[in-house]
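The structure appears right after this line, and notes come after that.
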Amino acid sequence: MALTKEEIIYYLTHKEAEEDLFRQADAMRRQYCGEVAHLRGVIHFSNYCRCNDLYCGLRRDNKEMKRMRMDEDMIVDLALKIASQGIKTIVLQSGEDLFYTREMICRIIKRIKEKADVAITLSLGERPYDDFKAFKNAGADRYLMKHETMNEKLYEKMRPDRKLKDRLNALEFLRKLGFQVGTGNIVGLPGQTIEDLAADILFFQDFQPDMINIGPFIPHKQTPLKDYPPGDFDLMLRVFALTRIVTLNTHLAAANTVATLRPIEGQYLCFVKGGANVLMPNCNPFAESREKRVEFEFQCAPKKRYVSVEEAKEVLKRAGREIAKDKGHSLKMERQIC
Ligand code: SF4
């Protein structure tokens, strides 16, 4: 349902109207996405990053961060283990880490696809366009790349050396290649205004992404933004609800940063009020045997809470959702190429 900028700003700023907003979002979710929810198993395989985003603990200037990389075998083994648990989407996520060459990523995609009937989502940041093409040809289905904020000045302040237009061009290019494309924003960035959030929602309305990942700003003590307050949970919930209303059937994820801002309850509220229909549990092998244990946390936010598969299932059970048994491809079928 298309909304004007004025209508979006009204709902963002009028708390007394939020129950009405949440009812509408939930009705849209029910009508366009049904009562099933999707679990995406996330592998954070590297926390090295060449970017220096002010809000992120993985920024390259954070010398206190304990860095790690998984090798190819470890990534593939983990993906197959996740698939054996019945999870039908594997998300391969990392910082922008060019240590992993085009060939390595393609090999990983092919090895997983050969052995498991899963969809693969990549979340690797900006790469050369030939890499995107190769990843698609190797069998990747989806690409997730948040636009972070539609305020160009704020974007360039928060992401030194990066341009918003490059990000948006990359999203368009990924769509042309036939990827199911995901994007998303951060709610509560220092300096962000209500107009900026309205611009994010209008972008969602215009671009109609296949997937959206909305998360709150959370100050990290090893970043220049350490003294700023976190994003406002209630405002973020209204952004969720408005996003559901303007995108109808986009897969909308309640990110792990939501659970960091408000443990357990946060993701549940995104499901019952904000129109969410996707959870992305962390599948890194924190609890494995000592020698295989990955000694790191993907700490883009401080004490980031990583929701396990079991915790994610609890959230969905409480929200009254069934877990989808299929791959949960984009519901925007008219545009779908895969
Ligand atoms: S948000 Fe992503 S691209 Fe930016 S510094 Fe963190 S890991 Fe790197």
Side-chain angles (χ1 to χ4, degrees), residues 40 42-70 75 91-100 105 121-129 131-132 135 142-171 174 181-192 200 211-226 228 230-231 236 253 255-258 260-261 280 282 284 294 296-306:
R40 320 296 200 191
V42 184
I43 302 174
H44 300 288
F45 63 88
S46 163
N47 63 0
Y48 283 83
C49 189
R50 64 175 170 166
C51 298
N52 216 17
D53 300 353
L54 266 51
Y55 49 80
C56 178
L58 305 194
R59 65 198 307 268
R60 67 169 184 265
D61 281 358
N62 181 7
K63 306 297 180 210
E64 293 173 63
M65 168 68 51
K66 186 173 178 185
R67 308 279 172 171
M68 67 70 64
R69 292 184 174 113
M70 291 185 195
I75 297 169
V91 182
L92 300 177
Q93 190 165 61
S94 68
E96 249 182 60
D97 184 4
L98 298 187
F99 168 86
Y100 296 88
I105 298 289
T121 301
L122 300 177
S123 178
L124 314 176
E126 288 171 52
R127 308 262 312 200
Y129 280 18
D131 284 13
F132 291 147
F135 300 159
R142 308 175 190 146
Y143 207 102
L144 176 62
M145 188 157 60
K146 292 171 71 165
H147 73 278
E148 315 294 8
T149 173
M150 284 300 281
N151 177 331
E152 202 172 344
K153 279 204 178 115
L154 184 63
Y155 182 96
E156 287 165 19
K157 186 171 170 193
M158 292 289 141
R159 308 202 68 219
D161 312 325
R162 293 301 173 116
K163 300 273 178 233
L164 178 60
K165 73 171 172 18
D166 293 338
R167 196 76 159 179
L168 299 180
N169 287 341
L171 289 169
L174 289 163
V181 176
T183 188
N185 66 342
I186 303 175
V187 178
L189 282 172
Q192 185 182 52
D200 290 336
M211 320 171 279
I212 291 177
N213 195 327
I214 296 166
F217 166 70
I218 299 183
H220 189 294
K221 65 179 185 317
Q222 294 160 2
T223 67
L225 302 182
K226 62 182 173 11
Y228 286 89
M236 184 197 66
N256 289 337
T257 45
V258 171
T260 306
L261 185 64
M280 300 171 71
N282 170 40
N284 275 28
V294 178
F296 93 116
E297 291 188 12
F298 198 77
Q299 290 289 341
C300 48
K303 297 199 173 77
K304 181 167 175 180
R305 207 173 170 287
Y306 281 107

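In each ligand, atom 1 is the first atom listed, and ligand 1 is the first ligand listed. Keep in mind it's a predicted model, so treat the numbers as computed, not measured.
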Check contact between Arg159 and ligand 1, using heavy atoms of the residue and a distance below 4.0 angstrom.
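So Arg159 counts as touching ligand 1.
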Counting backbone and side-chain atoms alike, is an N, O or S atom of Cys56 positioned under 2.8 Å from atom 8 (Fe) of ligand 1?
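Here the distance criterion (N, O or S atom, under 2.8 Å) is not met by Cys56, so no.
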Steps toward ring pair (Phe, Tyr, Trp, His ring centres under 6.0 Å) verdict (Tyr228, Tyr55):
CA-CA 10 Å; Tyr228 286 89; Tyr55 49 80; over 10 Å; no
Please compare Ser123, Ser46, Cys49 and report which has the shortest non-hydrogen distance to atom 3 (S) of ligand 1.
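Nearest option to atom 3 (S) of ligand 1, by heavy atoms: Cys49.
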Test ring pair (Phe, Tyr, Trp, His ring centres under 6.0 Å) applied to Tyr143 and Phe132, step by step
CA-CA 9 Å; Tyr143 207 102; Phe132 291 147; 5.1 Å; yes
Would you kindly check if the NZ (Lys) or CZ (Arg) of Arg69 is within the cone defined by 45 degrees around the ring axis of Tyr48 and under 6.0 Å from the six-membered ring centre?
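Checked: cation-pi criterion met.
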Find all atoms of ligand 1 within a distance of less than 4.0 Å from any non-hydrogen atom belonging to Asp53, and give their numbers and elements.
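Taking each heavy atom of Asp53 in turn, ligand 1 has 1 (S), 3 (S), 4 (Fe), 5 (S) under 4.0 Å.
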Find all atoms of ligand 1 within a distance of less than 4.0 Å from any non-hydrogen atom belonging to Leu58, and give their numbers and elements.
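Result: 7 (S).
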Walk me through it: do Leu58 and Arg67 pass the test side chain to side chain contact (heavy atoms under 4.5 Å, CB included)?
CA-CA 9 Å; Leu58 305 194; Arg67 308 279 172 171; 4.1 Å; yes
Using side chain to side chain contact (heavy atoms under 4.5 Å, CB included), reason through Val258 and Met236 one step at a time and then give a plain yes or no.
CA-CA 9 Å; Val258 171; Met236 184 197 66; 3.9 Å; yes
